[in-house]
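First comes the structure, then the notes that go with it.
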Amino acid sequence: MDLIDLHCHSTASDGTLTPSKLIDLARESGLKALALTDHDTLEGLPEAIERSQAIGMELVPGVEISAEFKPGSMHILGYFVDYNHGGLAGKLKALQDSRKNRNPKIIANLNKLGFDVTLDEVKAASGGGQVGRPHFAKVMIDKGYVRNMDEAFDRYLAKGKPGYAEKFRFSPHDAVELIRAAGGIPVLAHPFTLGLSNPDIRKLLAEMKESGLIGLEVYYSEHSRQMVSEYLGMAAFFDLTPTGGSDFHGANKPEIKLGRGFGSLKIPYSVLEDLKKRRDELL
Ligand code: AMP
Ligand code: ZN
Ligand code: FE
Ligand code: FE
């Protein structure tokens, strides 16, 4: 069976592999196609496209947009976005600026907690792409303040913890519209992270379907078999195309392998074929 991975991060956001290295790893891992879905940026796509063409790997251009959702957080994936679309890049710039405004606030919070962490150190850890909380965590781990990513988030960086600082996000409705306006297919990412009951997820899907949502990320490293079957049922009910990916971040989430997640993830190529059908219907 041909396998794919439709969710991963490069150095353009908080992954540790460059876009080219990711494409190479997809090939070594025996995948037939890969989507690059960096947080709030399209900056990794030109390099990824170039490398994918050079070695003949199918690449789906993508993005993962952070949307406003209380009390948790919501991520919306956008596949086949037109990365030359001025409107999308402009709107993403607002998200990038809001990260830049947030980062000194996280630094101030960590300093207040007694940790010696500077913005320059965090930027260095980011390798020049979008700065995300995993980069703050990385510096804290390197300095011995915490043992690992989970401890950094659970104690300091997760929403509601003392290091956390808010940043501007689009509403789910606006994020979906933005992706559609750029010719993309909006997909609700890793629904379990919303922290909702299944009836509440169904209500949300009904609303987001009205906004223009087209897919639901059903296959995911951290989805149990039961979640997968429940989300498949919801996707069928709301006529959302089921997608899947590992959320590979390289060394920032070392236990997650490209295409395989924690080991049992398997996303067949037919998932991508169905996604392309939905795209073609919209053209
Ligand atoms: P940011 O872009 O700064 O909001 O950070 C988002 C990144 O942090 C995503 O890649 C998540 O995988 C990671 N992240 C968010 N919450 C946690 C958590 N509780 N534990 C580990 N990683 C997390
Ligand atoms: Zn990430
Ligand atoms: Fe995400
Ligand atoms: Fe992700």
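Along the sequence shown, residues carry numbers from 1. One-based numbering, in listed order, for ligands and for the atoms of each.
- If you put the vertex on the Zn ion (ligand 2), OD1 of Asp14 and NE2 of His249 sit 90° apart, to the nearest 10°.
- Within the cation-pi definition used here (under 6.0 Å to the ring centroid, within 45° of the axis), Lys209 does not qualify as a partner of Phe238.
- Distances from the Fe ion (ligand 4) show that His39 has no N/O/S atom below 2.8 Å.
- Summary: OD1 is the N/O/S atom of Asp247 found nearest to the Fe ion (ligand 4).
- Side chains of Asp14 and His135: no donor on one and acceptor on the other come within 3.5 Å.
- Between the side chains of His173 and Glu207, not a single donor N or O lies within less than 3.5 Å of an accepting N or O.
- Counting heavy atoms from C-beta on, the side chains of Ile106 and Tyr164 never come closer than 4.5 Å.
- Here His9 fails the criterion, with no N, O or S atom under 2.8 Å of the Zn ion (ligand 2).
- Here Glu64 contributes OE1 and His7 contributes NE2, and at the Fe ion (ligand 4) these two atoms make an angle of 90°, given to 10°.
- Side-chain polar atoms of His39 and Gln130 form no donor-acceptor pair below 3.5 angstrom.
- Geometry about the Fe ion (ligand 3) gives an angle of 100° between NE2 of His190 and ND1 of His75, rounded in steps of 10 degrees.
- For the salt bridge (charged side-chain N to carboxylate O under 4.0 Å, His left out) with Glu166, the qualifying choice from Arg99, Arg102, Lys159, Lys105 is Lys159, the only one to do so.
- Among heteroatoms of the N, O or S kind in His9, NE2 lies nearest the Fe ion (ligand 4).
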